[in-house]
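No experiment lies behind these values; they were computed from the predicted model shown.
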There are 2 protein chains.
Amino acid sequence: MSGTTGTSGKYLVTGGAGYVGSVVAQHLLEAGHEVVVLDNLSTGFREGVPAGASFIEGDIRDAAKWLDASFDAVLHFAAFSQVGESVVKPEKYWDNNVGGTMALLGAMREAGVRKLVFSSTAATYGEPQQVPIVESAPTQPTNPYGASKLAVDHMISGEAAAHGLGAVSLRYFNVAGAYGEQGERHDPESHLIPLVLQVAQGRREAISVFGDDYPTPDGTCVRDYIHVADLAEAHLLAVAAAKPGEHLICNLGNGNGFSVREVIETVREVTGHPIPEVVAPRRGGDPAVLVASAATAREQLGWNPSRADLAGIVADAWEFAQHIASSARES
Amino acid sequence: MSGTTGTSGKYLVTGGAGYVGSVVAQHLLEAGHEVVVLDNLSTGFREGVPAGASFIEGDIRDAAKWLDASFDAVLHFAAFSQVGESVVKPEKYWDNNVGGTMALLGAMREAGVRKLVFSSTAATYGEPQQVPIVESAPTQPTNPYGASKLAVDHMISGEAAAHGLGAVSLRYFNVAGAYGEQGERHDPESHLIPLVLQVAQGRREAISVFGDDYPTPDGTCVRDYIHVADLAEAHLLAVAAAKPGEHLICNLGNGNGFSVREVIETVREVTGHPIPEVVAPRRGGDPAVLVASAATAREQLGWNPSRADLAGIVADAWEFAQHIASSARES
């Protein structure tokens, strides 16, 4: 078995046609590893799979068909991830995110693949009692998306203790930015930065600001934005850090919060577009401030995010958004 | 649709051949309701199903075969519930307890059965930060059994919000005692009172006391024992209290703790047997004190447990244990 440095390894990346999965797959390839992407393309894009990766169009429930002992680890991104949809169709999230991971863990056990890096989320915490949020904070998810990811984290803990799996769950805060050909394109889009960029592109008239009376410096919600390339690096470190029988849980964020208004203002600066905004009522379940303590990732993984500058994150996302738009015009 | 008083209703009781399920089924019958028990007999006993209930030997995953709009509610007990086994075979608990409930909720949705009472557990809380434990306490289960039940509680919350299910989760503390022909017989047995009664019956030489140096009055662990008949009454009240679109979570305990030594001494008094004890090391994951606040059940369900006396609980369990032993000799 090999780590992520030195000898090259072979990795299964589930959901590798999606945003974060494709960026991690690209990083694995650049580090000299063999990458097999498994994605059913229910929300991913075939063209998101990086060149150089093998691609299997298939479901994680059928992972046993393709997993064998030649794989060094699985990096598991495949999941539905729309909070709003999860509230309306929770069964879809339990079935796919939880049921799918049950099947994947079973396939890994049978194949003897004993390392896992799992794409978890800050949504497992729910409304925080204290910020920055540490990993020992209470986990009280406020929507089925977060609850389904929490269930998987618990499932992985049990699998590690019982069957020697070495696992790391990475709880993402607000992932943003892009990495070359890989970037963010959800349908429907629900993340702030790509939505504001759609306004800059003229695809949307104005950006809605949901609540400007929060107890924050400018009244709008504060979130912890992390560059997807910094995030990807944490995954390679996590593969190397996974120890048999242990399940490590790490938050991934910069520990720096930016408000909705700061994000909008940064997009104005980066794009030169005025970005009209409309103040709308608060949405239920939006905490005022969500900021990570990433001390565990720094200490346990040796992670050192280097792209914490909001203007840089937005500039990379903007470049990707323009690239996608021009590809769409050409095709 | 009918409540539990006045007109009679029709109820599906999953796991109704098990300990708590069978006692609840018996209470429903005594209240004049029609009861259908669904149990795959993987841990239940056919003879545990009360006379007067219809019995289906089948799995909750196939519930759609039998559920239809004629049912007023489902009372869902079917689950694996051995903490120790869950640590060794977590996948069995995720598959059955979580996967099985996913299927059951789907079948209920299709059939239009929109009331559920779920058998949850104090194990969803894990090591308490404060006692008595209230329902808003952090949920940090320390084993896959507790984690699987917590996942189901979260699943039910989503189902209620999205699809109008009226649901009550009842988080049991230490259920004990018996009710007529229905009592506790797990294999292997892991609960304190039946284990001590096995010593009284000569089926076991001594009782192990796991740790006598806890910060409690006599150094042994303190638990909240609740009579299964009190518990059953809470289920009938919960059926009546379930409101469409709401998921109520209630602890069920007496709020009175008894130590391991108090339980053993009470068994000595009730049975007249000397009950040798052997002090063994603490077990991992055994908190010193687990006592419920049942204020929510009292206020929201109108529950008023009347059998909190430990000697009475033990006497009922002893009568049942002798009954089972004499049935075994006759057969």
Exercise for review: Could you check if a side-chain atom of A:Pro141 sits within less than 4.5 angstrom of a side-chain atom of B:His154, using non-hydrogen atoms only?
Suggested key: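 Side chain of A:Pro141 against side chain of B:His154, heavy atoms only: contact under 4.5 Å found.
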
To check you understand the geometry: which heavy-atom pair defines the closest contact between [X] and [Y], and what is its length?
X	Y	answer
B:His163	A:Val88	CE1-O, 3.6 Å
B:Gln140	A:Ser136	NE2-O, 3.5 Å
B:Val98	A:Val98	CG1-CG1, 4.2 Å
A:Met102	B:Gly99	CE-N, 4.0 Å
A:Gly158	B:Pro90	O-CG, 3.5 Å

Point to revise | Separation between CG of B:Leu105 and CG of A:Asp95, rounded to the nearest 0.5 Å | key: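 Answer rounded to 0.5 Å: 12.0 Å.
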
Point to revise | Separation of A:Glu91 CD from B:Arg109 CZ (nearest 0.5 Å) | key: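 Nearest 0.5 Å value for the CZ-CD distance: 4.0 Å.
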
Is it true that, when you exclude [X] itself, more than 12 heavy atoms of the residues, nucleotides or ligands shown sit nearer than 6.0 Å to its [atom1]?
X	atom1	answer
A:Glu127	CD	yes
A:Glu110	CD	no
B:Lys89	NZ	no

Point to revise | Heavy-atom proximity to chain B below 4.5 Å, by part of A:Ser157 | key: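 Neither part; nothing is under 4.5 Å.
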
Review point. Non-hydrogen atoms of chain B under 4.5 Å away: do they reach the side chain of A:Ala103, the backbone, both or neither?
Key: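 Contact with chain B involves no heavy atom of A:Ala103 at all.
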
